[in-house]
J.: 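This is the structure I have questions about; it appears just below.
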Amino acid sequence: MKKVYYIGELPPPYGGVAVKNALIYESILSDKNVEMIDMVDCRRGVIKTIKCCLKFIRALLGKNDIIVGLGASNRRDFVLKAYRILHGKSSLNRVHLMTMGGRFHKFVEESPFLQETVKYLGTIWVEAYSIKDAIEKYGAKNVKYFPNCRTSAGKVAPRVSFPDEPLRLVFYSRICEEKGLYDVLQLKDFLEENNLVIDFYGEIEKKDKERFELAVSTSKCFVYKGVFDAAHNSVYKMLNAYDVLLFPTHWKGEGVPGVLVEAKFAGITVIASDWNYNKEIIRDDKDGIIVKNLEEMRSEIARLKDDRKLLDRLKKCSFESGVRYEIETYREDLWRCLNC
């Protein structure tokens, strides 16, 4: 059995890249002949830094298969360039790239080095089909769809909604303008008129802190629940207490948001903005709703409030569509690519 090195980052901290690497390694690769090189160790003291560097050098010097799961483009490109210099262009078929987020095709468009390199890589895993199509235009031949998965363990079936119950709304993301915070705050009059409440979970950006805290302190329709401790508590159970996740993001760096997948496993539906890859994850009016502006978001909340049969259908379909994002679904394909 050949040796494979996985060069990535593991939590803590619990960012999207680290969480994805941990999930892939622990759920699929830990029982294989795969050694994880956690580059975050370089920030955890002198001894760990030295050990990490030695493992990294050993992985690159030997003609080993490596998986690159790094979030920062400069670190990713350094590994690719180093391997090519050491072993030649033809040896890049031993390098497998686990891309992070939804911007890799943009990096390829802007980089002559990547345009040349993607032709030779063993496998490139991407989080959206539109990214796959964009990279294949540059001659990449082994691009695989590998979405921003989650483990299905602990997923929670949808709860039936009753007309006499309030519609339960949640915002679970970084609390900032780019994630649609200001759009949600503009729902204040509508929420108060309809006796609706939105619970917020997430870290508050400094630049938006004053405006958000003012909104929370002056209206009962906005409730801040703090930063959810996902390391020790079930995100699925927490979200299952709600009916609808609001996700009106317009962040330019938005990739394939893990929270949209978590909402599926939690058995709730989503009202999301028509932004980047949201349409690939949320099928409009089938397992969620895609909106183009604030007025549409207000209208769709009202529709779900009044039509509980529609709400239950969307929640059920959302839960069933989660199978497309279960890490277990992609286990055998990943093994085949690595021949392990």
J.: So for atom NZ, which belongs to Lys207, do other residues, nucleotides or ligands contribute more than 12 heavy atoms lying within a distance under 6.0 Å?
T.: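 Counting neighbours around NZ of Lys207, more than 12 heavy atoms of other residues, nucleotides or ligands fall under 6.0 Å, so yes.
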J.: Can you name the nearest heavy-atom pair linking Asn148 to Glu127, along with the distance?
T.: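 For Asn148 and Glu127, the tightest heavy-atom pair comes out as CB-OE1, 3.9 Å.
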J.: Please tell me whether Leu60 and Val4 are part of a single hydrophobic cluster in this structure, the criterion being side-chain heavy atoms less than 4.5 Å apart.
T.: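 They do share one cluster, since a chain of ILVMFWY contacts under 4.5 Å joins Leu60 to Val4.
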J.: With a 3.5 Å distance limit and no angle check, can you tell me whether Arg331 reaches the backbone of Ser27 through a side-chain donor-acceptor pair?
T.: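 Judged by distance alone, yes, a pair lies under 3.5 Å.
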J.: Is the backbone N or O of Ala59 less than 3.5 Å from a side-chain atom of Lys3, with the two atoms forming a donor-acceptor pair by type?
T.: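 Flag not set: sc Lys3 to bb Ala59 has no pair under 3.5 Å.
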J.: Salt bridge (Lys or Arg N to Asp or Glu O under 4.0 Å) for Lys252 and Glu178? Distances and angles first, verdict last.
T.: CA-CA 8 Å; Lys252 66 177 182 179; Glu178 294 80 3; over 6 Å; no
J.: Would you check if the side chain of Trp125 reaches a backbone N or O of His96 as a donor-acceptor pair within less than 3.5 Å?
T.: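 Side chain of Trp125 to backbone of His96, a donor-acceptor pair under 3.5 Å: no, none is there.
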J.: Around Lys55, counting heavy atoms of other residues, nucleotides and ligands shown, do more than 12 lie under 6.0 Å from its NZ?
T.: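 Counting other residues, nucleotides and ligands, NZ of Lys55 exceeds 12 neighbours.
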J.: Taking all heavy atoms of Arg308 and all of Pro166, pick out the closest pair and write down the distance.
T.: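 Smallest interatomic distance, heavy atoms only, reads NH2-C, 3.9 Å.
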J.: Starting at SG of Cys337, measure out to CG of Asp65 and round the result to the nearest 0.5 Å.
T.: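 Interatomic distance, Cys337 SG to Asp65 CG, rounded to 0.5 Å: 11.0 Å.
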J.: Say whether, by atom type as modelled, one donor and one acceptor occur between the side chain of Asp41 and the main chain of Cys52 under 3.5 angstrom.
T.: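 A pair under 3.5 Å: no.
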J.: How long is the span from the CZ atom in Arg75 to the CD1 atom in Ile7, to the nearest 0.5 Å?
T.: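 The distance works out to 12.0 Å.
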J.: Does a side-chain heavy-atom distance below 4.5 Å link Lys264 with Ile281?
T.: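 They are in side-chain contact.
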J.: After noting the C-alpha distance and the side-chain angles of Ile289 and Leu304, does the key distance pass the side-chain contact (heavy atoms from CB on, under 4.5 Å) rule?
T.: CA-CA 10 Å; Ile289 296 171; Leu304 294 182; 4.0 Å; yes
J.: Looking at CG of Leu314 and NZ of Lys316, how far apart are the two atoms once the value is rounded to the nearest 0.5 Å?
T.: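 Going from CG on Leu314 over to NZ on Lys316, the span is 11.5 Å.
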J.: Using the rule that Ile, Leu, Val, Met, Phe, Trp and Tyr join whenever any side-chain heavy atoms are under 4.5 Å apart, tell me whether Val197 and Tyr201 fall into a single cluster.
T.: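 Unlinked, Val197 and Tyr201 end up in two clusters.
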J.: Could you give me the CA-CA distance, side-chain angles and deciding distance for Lys279 and Asp284, then say whether salt bridge (Lys or Arg N to Asp or Glu O under 4.0 Å) is met?
T.: CA-CA 7 Å; Lys279 272 188 175 179; Asp284 188 33; over 6 Å; no
J.: Would you say Ile24 and Ile67 make side-chain contact, with heavy atoms under 4.5 Å?
T.: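 Counting from C-beta outward, Ile24 and Ile67 never come under 4.5 Å.
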J.: Taking all atoms of both residues into account, what is the closest heavy-atom pair of Cys317 and Arg283, and its distance?
T.: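 In terms of heavy atoms, the two residues are closest at O-NH2, 4.4 Å.
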J.: Taking Glu116 first and then Lys89, would you say they form a salt bridge - that is, a charged N and a carboxylate O separated by under 4.0 Å?
T.: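 Salt bridge between Glu116 and Lys89, a charged N being under 4.0 Å from a carboxylate O: yes.
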J.: Can you find a pair of side-chain heavy atoms, one from Asn278 and one from Val270, that are under 4.5 Å apart?
T.: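 Answer no - side chains too far apart.
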J.: Could you tell me whether Arg303 and Glu300 have a side-chain N and a carboxylate O separated by less than 4.0 Å?
T.: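 Yes, this pair counts.
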J.: Could you give the distance from CG (Leu196) to SG (Cys221), rounded to the nearest 0.5 Å?
T.: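 Leu196 CG to Cys221 SG: 9.0 Å, rounded to 0.5 Å.
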J.: List in chain and number order the residues that pass side-chain contact (heavy atoms from CB on, under 4.5 Å) with Cys149, two or more places apart in sequence or in another chain; answer none if no residue qualifies.
T.: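 Counting only residues at least two positions away or on another chain, Cys149 forms a side-chain contact (heavy atoms from CB on, under 4.5 Å) with Leu23, Phe146, Pro147, Ile327, Tyr330.
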J.: Does the side-chain contact (heavy atoms from CB on, under 4.5 Å) test come out yes or no for Glu109 and Lys106, once each step is laid out?
T.: CA-CA 5 Å; Glu109 290 173 6; Lys106 296 294 184 182; 3.8 Å; yes
J.: Less than 4.5 Å apart, side chain to side chain, heavy atoms only: is that true for Lys188 and Leu191?
T.: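 With C-beta onward as the side chain, the pair stays apart.
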J.: Does any N or O in the side chain of Glu262 come within less than 3.5 Å of the main-chain N or O of Leu239, such that one atom is a donor and the other an acceptor?
T.: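 Checked: no pair found.
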J.: Atom NZ in Lys209, atom CD in Glu203: separation rounded to 0.5 Å?
T.: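 One gets 10.0 Å once the value is rounded to the nearest 0.5 Å.
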J.: Spell out, as yes or no, whether a donor-acceptor pair under 3.5 Å connects the side chain of His105 to the backbone of Glu136.
T.: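 Absent.
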J.: Using 0.5 Å steps for rounding, measure from the NZ atom of Lys144 to the CG atom of Asp333.
T.: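 Taking NZ in Lys144 and CG in Asp333, the distance rounds to 5.0 Å.
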J.: Do you know the tightest heavy-atom contact between Tyr277 and Gly102?
T.: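 Closest approach of Tyr277 to Gly102, heavy atoms only: OH-O, 2.5 Å.
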J.: Determine whether Val143 and Val118 satisfy the following criterion, side-chain contact (heavy atoms from CB on, under 4.5 Å), listing intermediate values before the conclusion.
T.: CA-CA 9 Å; Val143 186; Val118 295; over 6 Å; no
J.: Answer with yes or no whether the hydrophobic clustering places Leu310 together with Leu246; edges join I, L, V, M, F, W, Y residues whose side-chain heavy atoms lie under 4.5 Å apart.
T.: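 Result: yes, single cluster for both.
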J.: Treating Asn21 as the side-chain partner and Leu10 as the backbone partner, does any N or O pair qualify as donor plus acceptor under 3.5 Å?
T.: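 Checked: no pair found.
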J.: Say whether, by atom type as modelled, one donor and one acceptor occur between the side chain of Asp287 and the main chain of Thr269 under 3.5 angstrom.
T.: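 Such a contact is absent between Asp287 side chain and Thr269 backbone.
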J.: Taking all atoms of both residues into account, what is the closest heavy-atom pair of Val184 and Pro248, and its distance?
T.: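 That closest heavy-atom pairing would be CG2-CG, 3.7 Å.
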J.: If a pair satisfies ring pair (Phe, Tyr, Trp, His ring centres under 6.0 Å) and one of its residues is in residues 63-95, list it, with sequence neighbours excluded.
T.: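 As it turns out, the ring pair (Phe, Tyr, Trp, His ring centres under 6.0 Å) pairs with a partner in residues 63-95, which skip direct neighbours, are Tyr83-His87.
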J.: Applying a strict under-4.5 Å side-chain criterion to I, L, V, M, F, W and Y, I'd like to know whether Leu185 and Val244 cluster together.
T.: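 Yes, it is one cluster - the side chains of Leu185 and Val244 are joined through contacts under 4.5 Å.
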J.: Flag the pair Arg211 and Asp208 as a salt bridge only when some basic side-chain nitrogen lies within less than 4.0 angstrom of an acidic carboxylate oxygen.
T.: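 No.
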J.: What heavy-atom pair brings Arg44 and Pro12 nearest, and what distance separates the two atoms?
T.: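 Result for this residue pair: NH2-O, 2.7 Å.
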J.: So Arg76 and Leu114, do their side chains get closer than 4.5 Å, heavy atoms only?
T.: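 They are in contact (side-chain heavy atoms under 4.5 Å apart), so the answer is yes.
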J.: Are Lys220 and Glu192 close enough for a salt bridge, meaning some N to O gap below 4.0 Å?
T.: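 The answer is no: the pair does not qualify as a salt bridge.
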J.: Looking at side-chain heavy atoms only, is the closest gap between Met100 and Glu9 below 4.5 Å?
T.: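 No, their side chains stay 4.5 Å or more apart.
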J.: Return each pair, listed once, that meets ring pair (Phe, Tyr, Trp, His ring centres under 6.0 Å) where at least one residue sits in residues 206-238; pairs must be two or more places apart or across chains.
T.: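 Of all non-adjacent pairs touching residues 206-238, those that pass ring pair (Phe, Tyr, Trp, His ring centres under 6.0 Å) are Phe200-Phe212, Phe200-Phe222, Phe212-Tyr224, Tyr236-Phe265.
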J.: Is there a continuous path of hydrophobic side-chain contacts, each under 4.5 Å between heavy atoms, that joins Tyr129 to Phe104?
T.: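 In one cluster with Tyr129: Phe104, yes.
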J.: Strictly below 4.0 Å, N to O, side chains only: are Arg313 and Asp307 in salt-bridge contact?
T.: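 No, no charged N to carboxylate O under 4.0 Å.
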J.: Is there a side-chain contact between Leu294 and Arg298, using heavy atoms and a 4.5 Å cut-off?
T.: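 The answer is yes, as the side chains (C-beta and beyond) meet within the 4.5 Å cut-off.
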J.: Hey, does the side chain of Ser217 reach the backbone of Leu214 with a donor-acceptor pair shorter than 3.5 angstrom?
T.: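 Flag set: sc Ser217 to bb Leu214 pair under 3.5 Å.
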J.: Any sub-3.5 Å donor-acceptor pair from Asp243's side-chain atoms to Leu167's backbone N or O?
T.: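 Not confirmed, Asp243 side chain does not pair with Leu167 backbone.
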J.: Could you go through the side-chain contact (heavy atoms from CB on, under 4.5 Å) check for Asp133 and Lys137 one step at a time?
T.: CA-CA 7 Å; Asp133 293 341; Lys137 293 177 182 178; 5.6 Å; no
J.: Is there a side-chain contact between Ile37 and Ile66 in this structure, where contact means two heavy atoms from C-beta onward sitting under 4.5 Å apart?
T.: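 When only atoms from C-beta onward are counted, Ile66 and Ile37 do not touch, as no gap falls below 4.5 Å.
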J.: Would you kindly say whether Ser321 and Lys286 are connected by a side-chain donor-acceptor distance under 3.5 Å?
T.: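 Judged by distance alone, the side chains do not pair up.
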